[in-house]
Number of protein chains: 2
Amino acid sequence: MKNRRVTMQDVADRANVSKTAVSLAFNNSNRLAEATVKNILEAAAELGYSGDPAARMLRTRRTDSLGLLLPQQLDKVLENPYYTQFLQGIGQTCQREGFTLLLAPPLRGSMLKTIPYAAVDGFIVSGLEHDRGEVKALQQRGIPFVLVDSELHDDVPSVEIDDSEGMEELLGHLLSLGHRRIAIVAIETGTEGGYQNWRGPVLRRMQGAIAALASHAMAPESDGITVLEVPCTRAGGAAAFQQLWAQTERPTAIVAFSDIIALGVLDAARDADVAVPQEISVTGFDDLAEASWSSPSLTTIRQPIETKGRLAAEYLVESIAGASSARDHHQRLHTVLLVRDSTGPAPVR
Amino acid sequence: MKNRRVTMQDVADRANVSKTAVSLAFNNSNRLAEATVKNILEAAAELGYSGDPAARMLRTRRTDSLGLLLPQQLDKVLENPYYTQFLQGIGQTCQREGFTLLLAPPLRGSMLKTIPYAAVDGFIVSGLEHDRGEVKALQQRGIPFVLVDSELHDDVPSVEIDDSEGMEELLGHLLSLGHRRIAIVAIETGTEGGYQNWRGPVLRRMQGAIAALASHAMAPESDGITVLEVPCTRAGGAAAFQQLWAQTERPTAIVAFSDIIALGVLDAARDADVAVPQEISVTGFDDLAEASWSSPSLTTIRQPIETKGRLAAEYLVESIAGASSARDHHQRLHTVLLVRDSTGPAPVR
DNA sequence: CTGAAAGCGCTTACAG
DNA sequence: CTGAAAGCGCTTACAG
């Protein structure tokens, strides 16, 4: 005997009703006589019937699932506690609205391949620093989406923070402490040609730094200012510190573009017996929980990570439901400078 | 003009070919003349065609997606770093095998509702301590699944750790340090009637504890032994400490069933100016990264969280591919006792 | 209160 | 190398 799938027709046959009735029994049981429903449910149980999600989706044109489109491999992404918080925000909305969440990393190295294949009602796109056709593919797909922490597009909804403002404030803090030899450790962008070719949040943070430097008649090209790119990991931060500390002209402050990088810098400084902030100041960006636990605790820019996730998902759910305020949704959230123990006056040499 | 979806038929019409050819152009382009493929792809681009995932799934009977069935709300689950690690393990396999990952928490409070609705090729079920029909629903659904950290079922594949062994070793360590007043802080089960009614990992850990106590002619009911249940959060741990410290007969050691709870205990101990391990010893279970960073660093049982995720996903992928070793897959992984700074000799009173 | 029929948008033997 | 046709398993107006 072939182990054929039990279908709705099988249940209908067994209960001596139509497929219509079976469908109604599961989805709209109050439109059927009570006895009929009972009869159908019994038949379904006896046969071990379980509805087919794909068929239902095809018919109803809904999946009740949100997609999170990621620019990197899943295990890499989850290394950064940032994403855990972001996921929590999205998760709150999903829960409340009854959506499941599909994590969709690049397939065979390409986001373009995952966009048309994911069975979702809408996408949250996170960290698309450099659009290489993804936005067009998303538009072609014809379902709502929001860009988060990404390069901006005029006609595409987005949720972001004021990266530039945050970084300007942070550098202002360091400059006012007398720091003039500053290393800026950015998140690797994978582009050539230095910061001129950056995009998205990394570029905006750099612009904030530039603005702050300018107010002291300095620039990224000034003596004493170093700009470098590392992967957004603890290891990346540690490597950055080692490289910078090996220079003959050491910086008095290291500005990391993310907390996880800054924590790596602290690790390496501790290993090298370099006192923070006496010998060197270190700053982060994000305000992860770890930033306040570290020793010394980390001066950083707080951004509302969870809120970002929640708002992006809320917007998406609204769009899916058909709210037409869609096109011009650009949300920009504010940041807060938190001065803790990892920054102090520039050491006098 | 109606904004109708662009379908494969539209592309076929425009390119003057059949739907078959269009499908082939996208999925098997080498079976078509090069010129035909080019022609079709152009037509598709002009029309902005994007294939329909639901239709493809219905036809091919594949979703290329794994489901992670969760016993709690998404945002609650992600509060525990345990899950981040577990997800990383699953993520590795998903990545390698080309699957996306669907996070499927209970819908409207019930896992039973999410099981038949998720468009996945298989489920990883995590932390199903107490089966209330979920296993039957899963079997009825007719796709492969693995139980992780769950109540055991003879004919259902599972991946777990040796909870009992780990906890026995841990209590052995404390007993050998002279502790005789021990509080056991378990993870809330939601069942009535104390540990006799527990199931799954929590029960197995308790059994390990009982075995260790027995070797010193003690039992959970002995003088000095307290058993209590709290939510698996830092706050839960803090509350447990406060309650225990308020007793007239204070314990000399607190055994938490998870690191996150133990870290909460340490928080509260610090707040109360109670010295660990001089005044009280504290132990965890899991060995999260945080366990070695905390001060004092935490004595705990290491379990291979990431490996568990990876193995569960690997098994699932194999089952989906049709490997028939399915029914009798029961994997049990070992644990390791890590003695750090949070445990010491029982204080003499 | 229940059923017959259409159709969601694909893929895949099969035939030529 | 390409196409006609069947069919995956549902839901939903519509009719009675």
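Chain A is the first sequence line, chain B the second, and so forth, proteins listed ahead of strands; every chain is numbered from 1. Atoms considered below: every heavy atom in the structure, side chains included; atoms not considered: hydrogens, waters and symmetry mates. What you see is a predicted model; the values in this text were computed from it and never measured.
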Begin with the C-alpha distance, continue with both residues' side-chain angles, and end with the deciding distance and a verdict on side chain to side chain donor-acceptor pair (under 3.5 Å) for B:Gln73 and A:Gln92.
CA-CA 8 Å; B:Gln73 302 201 347; A:Gln92 283 172 26; over 6 Å; no
Taking for each residue the nucleotide of DNA chain D with the nearest heavy atom, is it B:Glu34 or A:Tyr49 whose nucleotide lies nearer the 5' end?
B:Glu34
Between B:Arg14 and B:Glu46 the two heavy atoms that sit nearest each other are NH2-OE1, 2.7 Å
Is the phosphate of C:dC10 approached by A:Tyr117 (side-chain N or O, under 4.0 Å from OP1 or OP2)?
no
What is the distance from CG of A:Asn39 to C1' of C:dT2, rounded to the nearest Å?
13 Å
Please give, in whole Å, the distance from C:dG7 C1' to A:Met57 CE?
19 Å
Whole angstrom value for the distance that separates C1' of C:dG9 from CZ of A:Arg141:
13 Å
Does any residue of residues 7-18 of chain B have a heavy atom under 4.0 Å from DNA chain C, and if so, which ones, in number order?
B:Thr7, B:Met8
Choose from D:dT2, C:dC10, D:dG9 the nucleotide whose nearest atom is closest to any side-chain atom of B:Arg56.
C:dC10
Where does the angle between the aromatic ring planes of B:Tyr83 and B:Phe86 fall among parallel (under 30°), tilted (30 to 60°) and perpendicular (over 60°)?
perpendicular
Mark yes or no for whether B:His153, through its side chain, and B:Leu147, through its backbone, hold a donor-acceptor pair below 3.5 Å.
no
Can A:Arg56 be said to sit on top of B:Tyr117's aromatic six-ring, NZ or CZ under 6.0 Å from centre and within 45° of the ring axis?
yes
Look at the side chain of A:Ser150 and the backbone N and O of A:Val148, then say whether any donor-acceptor pair between them is shorter than 3.5 Å.
yes
For B:Phe26, report the nucleic acid contact type (base, sugar-phosphate, nothing); a contact means any heavy atom under 4.0 Å.
nothing
Whole-Å distance, B:Asn30 CG to D:dT2 C1', equals 14 Å
Would you say the rings of A:Phe145 and A:Tyr315 are close, in the sense that their centroids are separated by under 6.0 Å?
no
Secondary structure of DNA chain D in dot-bracket form (Watson-Crick or G-U wobble, distances below 3.5 Å, | marking inter-strand pairs):
|||.||||||||.|||
Please say whether more than 12 non-hydrogen atoms of neighbouring residues, nucleotides or ligands are located less than 6.0 Å from NZ in B:Lys113.
yes
Using nucleotides 12-16 of chain C, report all nitrogen or oxygen pairs with the protein that are shorter than 3.5 Å.
residue : atom : partner : partner atom : Å
C:dT12  : O4'  : B:Arg59 : NH2          : 3.3
C:dT12  : O4   : B:Thr20 : OG1          : 3.2

Between A:Lys38 (NZ) and C:dC1 (P), how many Å, whole number?
17 Å
Could you state the CG-P distance from B:Leu58 to C:dC10, rounded to the nearest angstrom?
12 Å
Between C1' of D:dC10 and CG of A:Asp52, the distance in whole Å
7 Å
Atom-to-atom span, CD1 of A:Ile40 to P of D:dC10 - whole angstrom
14 Å
Could you report the tightest heavy-atom contact between A:Glu134 and A:Ile115, atom names first, then the distance?
O-CD1, 3.8 Å
Strictly distance-based, threshold 3.5 Å: is any side-chain N or O of A:Thr307 a donor or acceptor partner for the main-chain N or O of A:Ile305?
no
Exercise: do A:Asp121 and A:Thr63 side chains pair donor with acceptor under 3.5 Å:
yes
Test item: B:Pro105 and A:Gln95 side chains (from C-beta on) under 4.5 Å apart, heavy atoms:
yes
